[in-house]
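Quick notes on the structure that follows.
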Number of protein chains: 4
Amino acid sequence: MPKLGMEPIRREALVRATIAEVGLQGSLDVTVSQIARRAGMSSALAHHYFGGKDQIFLAAMRQILRDYGTSTRKALARARTPRARVEAILEESFAAPNFHTEVIAAWLSFYVHAQTAPEAHRLLEVYRRRLHSNLTHALRPLTGRAAPGQARILGALIDGIYIRSALAQPAPDRGEALEQLMHVLQHLLAEGRT
Amino acid sequence: MPKLGMEPIRREALVRATIAEVGLQGSLDVTVSQIARRAGMSSALAHHYFGGKDQIFLAAMRQILRDYGTSTRKALARARTPRARVEAILEESFAAPNFHTEVIAAWLSFYVHAQTAPEAHRLLEVYRRRLHSNLTHALRPLTGRAAPGQARILGALIDGIYIRSALAQPAPDRGEALEQLMHVLQHLLAEGRT
Amino acid sequence: MPKLGMEPIRREALVRATIAEVGLQGSLDVTVSQIARRAGMSSALAHHYFGGKDQIFLAAMRQILRDYGTSTRKALARARTPRARVEAILEESFAAPNFHTEVIAAWLSFYVHAQTAPEAHRLLEVYRRRLHSNLTHALRPLTGRAAPGQARILGALIDGIYIRSALAQPAPDRGEALEQLMHVLQHLLAEGRT
Amino acid sequence: MPKLGMEPIRREALVRATIAEVGLQGSLDVTVSQIARRAGMSSALAHHYFGGKDQIFLAAMRQILRDYGTSTRKALARARTPRARVEAILEESFAAPNFHTEVIAAWLSFYVHAQTAPEAHRLLEVYRRRLHSNLTHALRPLTGRAAPGQARILGALIDGIYIRSALAQPAPDRGEALEQLMHVLQHLLAEGRT
DNA sequence: AATGAATGAGGATTCATTCAT
DNA sequence: GATGAATGAATCCTCATTCAT
């Protein structure tokens with residue numbers, strides 16, 4: 001009794017399973033079988049829906065970045081002042097769903113992967129550009145022409161804290177991470193007023 | 001034409017070849033054969049000298065970190081003032097031999113690997129601790145009790161710039177990287193005087 | 001032409017092929033590929049169904065011992081008198097399916113293997129205990145308390161004839177083997193009456 | 001400073017090392033390197049003296065059989081009566097130097113090997129014939145024409161006890177082994193007198 | 001829609017053997 | 001006499017992928 005409309009469900013399950021498996025193993029060296037098993041189906045079906053391992057990975061990356069993008073957009077919508085907008089972006093980078101051991105590990109793995117896989121590289125480029133643009137827009141009312149440079153620094157710092165969190169034992173400290181970011185932010189904001 | 005005392009030569013060649021190959025491919029998914037071929041020997045010999053792929057990787061990581069450590073030590077020895085010491089550390093992080101596309105890519109790959117391999121994790125931990133300690137000592141005369149926290153921020157920023165450089169197209173800009181770091185450093189140093 | 005329910009068929013084929021190949025080569029130094037080829041499939045499939053060479057060997061041993069156990073049980077069921085029961089056991093040890101050059105060679109190879117492989121050792125131990133118990137039970141009505149010791153002697157003699165048969169050129173003589181056993185049996189049975 | 005007359009010393013050391021290593025591992029799957037290391041030399045030297053692994057094994061087999069032959073000859077020389085001669089042969093089969101876990105294991109391994117290697121097969125054949133001839137000669141004065149058949153039975157029983165000893169946990173019981181043999185011997189000797 | 005069956009390609013590792021010194 | 005150096009060949013095992021049902 002074949003079911004209809006299974007495709008989106010299956011794809012979603014596979015993508016979630018991929019993130020989980022890659023995150024857990026901390027490496028892209030996961031087999032399609034492992035992913036499929038975790039998603040509750042055969043590896044043949046995984047191929048059927050995605051065509052190949054690379055596509056599965058790509059879909060998983062898209063999911064991670066889309067999740068991040070979505071939550072950021074929501075946070076921005078809630079912010080009322082320019083400064084609140086900046087802080088919202090920074091906070092969201094370390095918000096619970098993203099700043100989770102598994103997701104960080106998966107993110108880092110995909111990051112490495114992007115060195116080789118052009119499509120993956122493109123995805124990260126989009127994410128980076130959006131982050132940069134968001135930050136710049138938020139900072140502009142506060143620091144004017146200094147905004148782009150500051151956005152670049154904050155972006156690098158976010159990535160740096162992320163990558164360090166990937167090795168944190170036993171678990172990365174969300175509060176501490178945010179504190180460091182805010183500390184630097186404060187300095188940068190003071191810039192304009194000097 | 002077998003000679004005596006080949007071991008250190010072969011090991012060195014293999015380590016360099018490993019860094020190059022991993023750097024070029026941007027991934028640890030390199031075969032022992034590839035590494036051995038690049039080093040000009042059979043894969044069997046590579047196993048003979050290192051015992052296994054893991055040991056080869058470990059040796060390559062050690063080399064990268066040792067290279068970095070050595071150059072930093074030299075730079076510190078040359079510095080005359082406290083501030084010069086801090087700058088020396090930061091500059092050295094992006095100095096030519098380290099801040100090279102291949103080395104950066106290899107470094108990032110090993111970073112991911114460290115999530116899984118305990119020994120590799122330990123190596124990075126040592127590196128991180130040393131960087132933190134160097135920075136803290138250098139900052140202490142300038143900012144006192146604020147030094148450790150600032151060292152942490154600078155360390156994360158260094159890593160962040162590194163990881164971003166891994167994806168930079170076509171090549172990471174050493175000058176820009178340093179500029180960002182120095183910018184933040186300046187802010188941090190001003191802290192004490194406020 | 002993939003069908004369903006191939007697993008038992010494939011496993012059976014592999015087990016038979018293993019016994020044949022080990023028997024023919026007279027050694028456990030057979031490759032999985034050789035076994036798989038003889039069984040008409042790829043070595044990858046052999047691994048798929050058994051997980052590894054060791055498991056294949058274990059399954060082959062189990063098959064040999066199970067075959068022997070089955071035929072013995074049937075022979076015992078047919079025997080009507082105590083003496084007939086003893087003779088049935090001895091005869092079955094050298095009955096056609098078991099006492100075949102290939103099977104003997106395979107059996108001997110596994111025997112050696114059992115010195116090293118605990119699981120294989122356990123299997124042989126079970127076989128030996130069962131033979132001993134069968135013989136003892138059959139002898140008890142005839143020779144009373146002497147039965148266990150006699151069973152041990154007959155068991156050792158069976159193994160001795162087996163191992164000698166492994167080197168027999170061109171083929172072991174079933175009749176002669178049995179004759180020797182029966183000769184000793186006759187002596188042992190006379191024991192009680194002296 | 002090359003030493004003269006090292007050859008016999010090296011060969012002896014290698015042969016002993018082979019028996020020990022094969023006995024310990026309970027398998028012929030020992031590497032030339034392991035043997036050479038145990039004998040205190042490089043594997044290249046082992047090849048130099050023996051030409052190849054097979055020759056090393058052959059030499060080891062010869063040693064085992066020669067040791068056995070020598071001790072038997074001595075024991076026979078000490079025996080004064082026909083019966084004592086028979087018992088001497090049997091006892092010697094389980095005498096300390098031969099009936100040792102390692103030697104038994106090595107012997108069994110070589111036995112299996114003989115199924116494949118013609119030269120090894122020939123060696124065992126010689127040993128078997130000599131044992132048979134020794135036993136027959138010793139039995140003839142006692143049981144006349146029955147001697148050859150009895151020799152065959154005793155020979156098989158010896159091998160049977162040997163092979164079982166190879167799996168004995170934790171160590172084979174020399175006394176029990178001999179007892180079984182003597183028990184059967186007694187029966188066989190009674191034969192003539194009936 | 002879903003999967004068991006099946007395999008080719010590839011990779012780490014081991015080892016007997018050779019060779020130049 | 002002795003060995004470190006070196007390798008080709010082999011072997012186990014894994015895995016992405018395909019296919020018939």
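Chain letters run A, B, ... following the sequence lines, proteins first and then strands; every chain starts at 1.
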Could you report the tightest heavy-atom contact between [X] and [Y], atom names first, then the distance?
{"X": "Gly26(D)", "Y": "Gln115(C)", "answer": "O-NE2, 3.2 Å"}
{"X": "Gln55(C)", "Y": "Phe50(C)", "answer": "CB-O, 3.1 Å"}
{"X": "Val22(D)", "Y": "Ala106(D)", "answer": "CG1-CA, 3.8 Å"}
{"X": "Ala59(D)", "Y": "Val15(D)", "answer": "CB-CG2, 3.7 Å"}
{"X": "Val32(D)", "Y": "Ala46(D)", "answer": "CG1-CB, 4.1 Å"}
{"X": "Ala39(D)", "Y": "Ala13(D)", "answer": "CB-O, 3.8 Å"}

Interface residues of residues 9-32 of chain C with DNA chain F (non-hydrogen, below 4.0 angstrom): Val30(C), Thr31(C), Val32(C)
Let's see if you get this right: which residues in residues 38-60 of chain B place a heavy atom under 4.0 Å from DNA chain F? Met41(B), Ser42(B), Ala44(B), Leu45(B), Tyr49(B)
Is the shortest distance from a Lys or Arg side-chain nitrogen in Glu125(C) or Arg122(C) to a carboxylate oxygen in the other one below 4.0 Å? no
Mapping Pro8(C) and Gln34(B) onto DNA chain E by nearest heavy atom, which one lands closer to the 5' end? Pro8(C)
How many whole angstroms separate atom [atom1] of [X] from atom [atom2] of [N]?
{"X": "Arg37(C)", "N": "dG8(E)", "atom1": "CZ", "atom2": "P", "value": "12 Å"}
{"X": "Met6(C)", "N": "dT21(F)", "atom1": "CE", "atom2": "C1'", "value": "13 Å"}
{"X": "Leu4(B)", "N": "dA5(F)", "atom1": "CG", "atom2": "C1'", "value": "9 Å"}

Rounded distance (nearest 0.5 Å) linking atom NE2 of His47(D) with atom NZ of Lys53(D): 9.0 Å
Starting at CG of Leu65(C), measure out to CH2 of Trp107(C) and round the result to the nearest 0.5 Å. 9.5 Å
Axis bend over the full length of the helix from dA2(E)-dT21(F) to dT21(E)-dA2(F), computed from five pairs that close each end, to 10 degrees: 20°
Thr116(D) side chain to Gln25(C) backbone, donor-acceptor under 3.5 Å: yes
